[in-house]
Amino acid sequence: MLKLYSSLSQIITVNTQGENLKRGSKLKEIGILENHSIVTENDIIKDFIPHGSEKKEIFDHVIDLPGKVILPGLIDCHTHTIFAGSRANEFRMKIAGASYEEIAQMGGGINRTVQSLRELSLQELVELTKPKIEYAISQGITTLEIKSGYGLNLEDEIKILEVIEILNKQYEIDIVSTFLGAHTYPPEFKTDHESYIKLITERLLPYIAQRKLARFCDAFCEKTAFSVDETEVIFKKASELGFDLKLHTDQFNNIGGIDLGLKYNVQSLDHLEVINKKEIKKVSKAETACVLLPGVSFFLHYGYAPAREMINGGAILAISTDYNPGSSHIANLNFIMSLACIELRMTFEEVISAVTINAAKALGENLTRGSLEIGKKADFAVFDTEEYSDIIYNVAKNLNICTVKNGKVIYKSSKVEI
Ligand code: NIG
Ligand code: FE
């Protein structure tokens, strides 16, 4: 099936010249092609043709998008989209002055959501999550990472990963599955950390590996969650079983998680609000992606990660929503993109690279997606504007009018006639 997407104003290719990631000043180079059309063959990008030289009769399908902008399909590479219940009361408490860690110590926080999620059946959880997936698709997101971590026992962690498996089959977008059993200690194991770690390493990880329910194993390395030593026990076992690794670290306290992550060659280090200068140097040289989550600093009202220093150092910087009920109840990636410009002092172009090619790198999927280059996946988003700056200038406004995944139109607004 040969398709032509014609009459576009700009195609933002995020071209990497075959490197498939962007560091330093390269983040600014987003490969703007003006007045071109895209040719796709089945699920792959086949060509870019200047306006006027297309032979429309050779295509099975011509989709005319006059004056629109195309970006690579957006990639939200760090989310906790599967959760239940509300923590609005905690948000109120935070606004009144309580800290995230204080609320967690009072029995709120992650374990509050665990309680709500355990009450739902698999099917109820599937139904609760569907509109969230559809919202992601409507924004032009074509690859979405989702973590477990609100079950925290065998049955309920598996339930979350099965929900991901079911939704992955139901929707055309790719949902990348991450096991985050090491999110916090559940109430049953509050004083017996060793037994909970055993449950993860001896039962959960082997079972998940055998059923291929998750690609990544993640952990929350933090004073109030898992120590460096505890995280290492889990990482050792997970890597033996063939999982790729990710790490939540340096969100509130600098306890050595970055060194551990680099030692285990994690695919991504996430959060990094309190990363220090020495560590910036280390991560900047590494192959690991650094995923910044400015929605968390905004929602919890504390300091932002030093994005500018990290980009200048040469880190592979990505950004994501961290959509979750407690620290970033924000599923709007467009808002996060504008926020990254305002608060992380990133340029429009750097942000575009951070939610496309570098977000793909954070998921180990950068060879197949994240940029519009010949031979890569035909995953893209069409925006209702002639100039890409409008996407970021229109804070929290969804300008996406058409989402294309694997060469198929999977979402279109009434503005698109096909
Ligand atoms: O990425 N840091 C740990 N986990 C989430 C918060 C989860 C929650 O509060 O429910 C995060 O910020
Ligand atoms: Fe997170």
Side-chain angles (χ1 to χ4, degrees), residues 73-88 90-91 110 112-151 156-180 183 213-216 218 246 248 270 291 293-296 298-299 319-337 339 355 359 362-363 379 381 396-405 410-413:
L74 304 180
I75 298 179
D76 200 354
C77 66
H78 177 142
T79 87
H80 306 251
T81 299
I82 300 184
F83 59 83
S86 166
R87 283 167 43 203
E90 292 181 12
F91 190 42
I110 294 167
R112 183 69 200 82
T113 304
V114 169
Q115 212 182 348
S116 311
L117 184 136
R118 286 179 179 177
E119 285 166 14
L120 298 189
S121 69
L122 176 89
Q123 203 47 43
E124 285 170 327
L125 205 50
V126 167
E127 292 308 320
L128 187 66
T129 311
K130 278 185 187 172
K132 299 180 187 175
I133 306 296
E134 286 159 21
Y135 178 57
I137 294 170
S138 76
Q139 297 180 62
I141 291 171
T142 50
T143 301
L144 175 69
E145 188 256 14
I146 303 182
K147 302 173 195 296
S148 69
Y150 292 118
D156 294 293
E157 280 296 302
I158 300 304
K159 182 172 75 188
I160 299 173
L161 296 175
E162 285 177 344
V163 170
I164 296 176
E165 192 179 46
I166 290 168
L167 294 172
N168 226 340
K169 286 192 187 132
Q170 274 183 27
Y171 291 94
E172 189 73 37
I173 64 164
D174 289 308
I175 305 177
V176 178
S177 175
T178 297
F179 169 60
L180 179 58
H183 199 184
L213 281 172
R215 162 159 185 193
F216 291 102
D218 195 348
K246 289 179 161 287
H248 281 71
D270 301 49
V291 180
L293 308 162
V296 178
F298 174 77
F299 194 84
I319 61 170
S320 173
T321 59
D322 196 13
Y323 178 38
N324 77 71
S327 70
S328 179
H329 196 225
I330 306 170
N332 184 329
L333 184 58
N334 177 264
F335 170 70
I336 298 297
M337 289 165 71
L339 184 66
V355 293
L363 297 177
D379 289 3
K397 184 171 177 189
N398 186 7
L399 294 188
N400 178 59
I401 49 169
C402 178
T403 308
V404 176
K405 175 71 187 173
I410 60 165
Y411 165 84
K412 67 179 188 71
S413 81

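FYI, side chains are in, hydrogens and waters are out, and symmetry mates aren't considered; it's all heavy atoms of this structure.
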Peer 1: For residues D322 and F299, determine if any side-chain heavy atom of one lies less than 4.5 Å from a side-chain heavy atom of the other.
Peer 2: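 The answer is no; the side chains never approach within 4.5 Å.
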Peer 1: Do the side-chain N and O atoms of Q123 and E127 include a donor-acceptor pair separated by under 3.5 angstrom?
Peer 2: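 Their side chains do contain a donor-acceptor pair, which is all the 3.5 Å distance test asks for.
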Peer 1: Would you say that Y323 contacts H329 through its side chain, given a criterion of any heavy-atom pair below 4.5 Å between the two side chains?
Peer 2: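 They are in side-chain contact.
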Peer 1: Side chains of L213 and F179, heavy atoms from C-beta outward: is any pair under 4.5 Å?
Peer 2: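 L213 vs F179: side chains apart.
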Peer 1: Would you compute the distance between atom CD1 of I146 and atom OG1 of T79 and round it to the nearest 0.5 angstrom?
Peer 2: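 Answer for the CD1-OG1 pair, I146 versus T79, is 5.0 Å.
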Peer 1: Are S328 and L293 close enough, and set up right, to give a side chain to side chain contact (heavy atoms under 4.5 Å, CB included), and what steps lead you there?
Peer 2: CA-CA 9 Å; S328 179; L293 308 162; over 6 Å; no
Peer 1: Which distance, rounded to the nearest 0.5 Å, do you find between the OG1 of T403 and the CG of L74?
Peer 2: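 With rounding to 0.5 Å, OG1 (T403) is 8.5 Å from CG (L74).
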Peer 1: Specify the closest pair of heavy atoms between N400 and A381, including all atoms of both residues, with the distance to one decimal.
Peer 2: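 Smallest interatomic distance, heavy atoms only, reads OD1-CB, 3.5 Å.
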Peer 1: Side chains of H248 and H183 only: does a donor on one sit below 3.5 Å from an acceptor on the other?
Peer 2: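 No donor-acceptor contact under 3.5 Å links the two side chains.
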Peer 1: Grab the two heavy atoms, one from T178 and one from D218, that are nearest each other, plus how far apart they are.
Peer 2: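 Answer, listing the atom of T178 first, then D218: CG2-CB, 3.5 Å.
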Peer 1: A side-chain contact here means heavy atoms from C-beta on lying under 4.5 Å apart; do E145 and T143 qualify?
Peer 2: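 Contact flag for E145/T143 side chains = no.
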Peer 1: Only one of K405, E134, K130 forms a side-chain hydrogen bond (donor to acceptor under 3.5 Å, both in side chains) with Y171, so which one is it?
Peer 2: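 Among K405, E134, K130, the one meeting side-chain hydrogen bond (donor to acceptor under 3.5 Å, both in side chains) with Y171 is E134.
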Peer 1: Tell me whether the NZ or CZ atom of K132 lies within the 45° cone about the ring axis of F83 and under 6.0 Å from its centre.
Peer 2: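 Cation-pi check for K132 and F83: passes.
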Peer 1: Flag the pair K159 and E162 as a salt bridge only when some basic side-chain nitrogen lies within less than 4.0 angstrom of an acidic carboxylate oxygen.
Peer 2: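 The answer is no: the pair does not qualify as a salt bridge.
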Peer 1: Starting at CG of L117, measure out to CG of L125 and round the result to the nearest 0.5 Å.
Peer 2: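 Answer for the CG-CG pair, L117 versus L125, is 5.0 Å.
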Peer 1: Is the shortest heavy-atom distance from the side chain of L363 to the side chain of K246 under 4.5 Å?
Peer 2: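 A side-chain contact under 4.5 Å exists here.
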Peer 1: Walk me through whether Y135 and N332 qualify under side chain to side chain contact (heavy atoms under 4.5 Å, CB included).
Peer 2: CA-CA 9 Å; Y135 178 57; N332 184 329; 3.5 Å; yes
Peer 1: Can you tell me if E165 and S177 form a side-chain donor-acceptor pair at under 3.5 Å?
Peer 2: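 The answer is no; no qualifying pair exists.
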Peer 1: Show the numbers, then the answer: is there a side chain to side chain contact (heavy atoms under 4.5 Å, CB included) between T129 and T81?
Peer 2: CA-CA 7 Å; T129 311; T81 299; 4.2 Å; yes
Peer 1: Heavy atoms only: give me the nearest Y150-H80 pair and the separation to one decimal.
Peer 2: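 Closest approach of Y150 to H80: CE1-CB, 3.8 Å.
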Peer 1: Under a 4.5 Å cut-off applied to non-hydrogen side-chain atoms, are F298 and I336 in contact?
Peer 2: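 Not touching, per the 4.5 Å side-chain cut-off.
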Peer 1: So, do L167 and V126 sit near enough that their side-chain heavy atoms are less than 4.5 Å apart?
Peer 2: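 They are in side-chain contact.
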Peer 1: Can you list the steps and then say if I166 with L122 is a side chain to side chain contact (heavy atoms under 4.5 Å, CB included)?
Peer 2: CA-CA 10 Å; I166 290 168; L122 176 89; 3.8 Å; yes
